[in-house]
Amino acid sequence: MMKYASFRTKLFSYLIDRRAVWMTFILGLFVILAGLISIGVGEIFMTPVEVGKALFGYGTEMNELVVKQFRFPRVAMAILAGGALAVSGAILQGMIRNPLASPDILGITWGGALATIGFLTIFSDRANALTVSIQWLPLASFIGAIATGFLVFVLSYKNGISPIRLVLIGIGLAAVLQALTTLLMIVGPIYRASDANIWITGSVHGTNGKDVLTLLPWVAILLLVLMVYSRRVNLQELGDDVAKGAGAILMRDRIVLLFISTGLAGGAVAFAGGIGFVGLMAPHIARKLVGASFGVLVPASALVGSMLVIIADLIGRTLFSPLEVPAGVFTAAIGAPYFVYLLYRSRNL
């Protein structure tokens with residue numbers, strides 16, 4: 001009887017893992033399809049087949065120019081930024097064991113935003129050109145993000161960390177950082193203010209290939225390190241006592257995970273701005289699809305986050321054409337009511 005129960009448990013676990021892998025594969029296909037559709041839609045319409053030909057150098061000269069120079073970098077940035085923000089949120093939710101945690105709710109993205117606007121303000125000359133390499137921008141954003149994350153944790157700690165206290169302090173700190181960012185925009189170069197305002201809302205408009213190549217290794221390296229640490233997040237979700245009993249060094253693990261989370265959020269903010277609520281929604285959606293095991297939750301969250309930003313950007317540049325609405329407007333329109341729902345559900349914590 002015990003052997004039968006053990007076999008049934010193993011079989012159920014195998015089926016769950018297999019289902020998670022298949023769901024992740026399907027999500028990947030949806031992201032590719034959404035990307036091809038987004039690249040093809042515009043003043044010059046292309047079918048997904050024509051987009052594929054243009055990407056691999058078999059399309060017309062005009063199609064290849066439009067795809068490679070303008071549309072593909074934009075979609076690639078949506079994939080990278082959406083995935084980075086989603087995984088950052090998944091880390092925070094797992095590490096803190098708080099469904100309300102996300103980089104924008106806790107003010108981490110605003111810390112990155114303040115550092116980024118400061119970087120652009122300080123290192124811009126009168127000709128609207130940067131006096132230093134743009135490759136330093138993710139580092140500046142990361143420093144702002146990690147400083148904010150550290151400050152939120154310090155201010156929230158009082159005989160442990162209450163989920164609601166953490167969220168409320170994060171919201172308050174985000175408001176302060178938002179005010180400081182606005183102040184920098186006012187006192188900074190006037191030609192930066194309009195672009196910065198759109199960027200703060202969250203937009204991948206104007207992305208070029210250099211931006212994508214700068215962010216790509218940053219995100220890839222952090223995700224690889226995270227996959228090594230995925231088991232540590234699973235342990236922390238079981239509680240501090242269980243994690244310690246399993247041999248986890250909680251303080252070290254949390255510092256590393258916070259470093260990865262803020263690094264991902266900071267890198268995304270540096271190039272795509274404050275696309276709100278992706279880090280909150282995507283992990284919840286992915287958890288419904290593939291389960292809570294962090295090893296499969298990371299890629300699933302990244303794919304869901306990428307798809308959210310691709311779709312939001314596509315709607316923003318087509319629904320109100322010829323005007324372009326930043327992608328962050330649409331993610332916030334969906335994410336804000338969802339946050340209120342989660343806050344109401346967690347009212348007794």
Side-chain angles (χ1 to χ4, degrees), residues 26-56 58-86 104 109 113 194-212 215-216 268-282 285-286 301-339:
I26 292 171
L27 283 172
L29 292 180
F30 274 115
V31 170
I32 294 172
L33 180 60
L36 291 175
I37 293 172
S38 181
I39 293 173
V41 173
E43 290 186 10
I44 300 177
F45 179 80
M46 287 172 272
T47 65
V49 174
E50 290 174 328
V51 171
K53 287 182 178 179
L55 284 173
F56 290 102
Y58 294 102
T60 65
E61 185 176 348
M62 178 58 72
N63 284 358
E64 288 188 25
L65 175 65
V66 170
V67 169
K68 293 181 179 179
Q69 294 297 320
F70 300 105
R71 296 185 186 174
F72 176 73
R74 183 169 183 158
V75 170
M77 182 57 70
I79 292 172
L80 288 174
L85 289 171
D104 44 340
T109 54
S194 178
D195 292 340
N197 193 42
I198 294 174
W199 173 87
I200 286 174
T201 306
S203 175
V204 292
H205 173 68
T207 299
N208 55 50
K210 188 176 181 180
D211 295 338
V212 174
L215 183 60
L216 178 60
V269 168
F271 289 103
I275 302 178
F277 296 100
V278 173
L280 177 71
M281 294 186 294
I285 297 171
S301 296
L303 291 170
V304 172
S306 297
M307 190 156 34
L308 286 175
V309 178
I310 290 173
I311 293 172
D313 179 59
L314 176 61
I315 294 173
R317 66 183 177 84
T318 58
L319 191 61
F320 300 95
S321 181
L323 297 176
E324 280 206 19
V325 180
V329 171
F330 296 99
T331 58
I334 300 172
Y338 186 66
F339 171 70

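Taking all atoms of both residues into account, the shortest heavy-atom contact from Pro73 to Val212 is O-CG2, 3.5 Å. Taking each heavy atom of Ala282 and Ser301 in turn, the nearest pair found is CB-O, 3.9 Å. Between Tyr338 and Met281, the closest heavy-atom pair is CD2-CG, 3.9 Å. Ala86 and Gly305 get closest at one heavy-atom pair: CB-CA, 3.8 Å. Contact between Gly83 and Ser306 at its shortest, heavy atoms only, is N-OG, 3.5 Å. Between Leu55 and Lys68, the closest heavy-atom pair is O-CE, 3.6 Å.
For the side chain to side chain contact (heavy atoms under 4.5 Å, CB included) criterion with Val75, the lone passing option out of Val309, Ile310, Leu314, Val204 is Ile310.
Rounded to the nearest 0.5 angstrom, Leu85 CG and Leu80 CG are separated by 11.0 Å. Rounding to the nearest 0.5 Å places CD1 of Ile285 at 12.5 Å from CG of Leu303. Taking CZ from Phe271 and NZ from Lys210, the interatomic distance works out to 9.5 Å, rounded to the nearest 0.5 Å. Annotation: the span from Glu64 atom CD to Phe56 atom CZ amounts to 12.0 Å, rounded to 0.5 Å. In this structure, the separation between CG on Asp211 and CG on Asn208 is 4.0 Å, given to the nearest 0.5 Å. Here Phe320 contributes atom CZ and Ile315 contributes atom CD1; the two are 9.5 Å apart, rounded to the nearest 0.5 Å.
For Phe30, there are no ring pair (Phe, Tyr, Trp, His ring centres under 6.0 Å) partners, not counting sequence neighbours. Remark: Arg74 pairs with Asp313, Glu324 by the salt bridge (Lys or Arg N to Asp or Glu O under 4.0 Å) rule, at least two apart or across chains.
Thr331 places a side-chain N or O within 3.5 Å of a backbone atom of Gly276 that can act as its donor or acceptor partner. Within the 3.5 Å criterion, the main-chain N or O of Pro326 finds no donor-acceptor partner in the side chain of Ser203. In this structure, the side chain of Asp104 does not engage the main chain of Thr109 through any donor-acceptor pair within 3.5 Å.
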N/O donor-acceptor pairs under 3.5 Å from side chains in residues 38-51, not counting sequence neighbours:
{"residue": "Ser38", "atom": "OG", "partner": "Arg317", "partner atom": "NH2", "Å": "3.3"}
{"residue": "Thr47", "atom": "OG1", "partner": "Glu50", "partner atom": "N", "Å": "3.2"}
{"residue": "Glu50", "atom": "OE1", "partner": "Thr47", "partner atom": "N", "Å": "2.9"}

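With a 4.5 Å cut-off on side-chain heavy atoms, Val325 and Leu319 do not count as touching.
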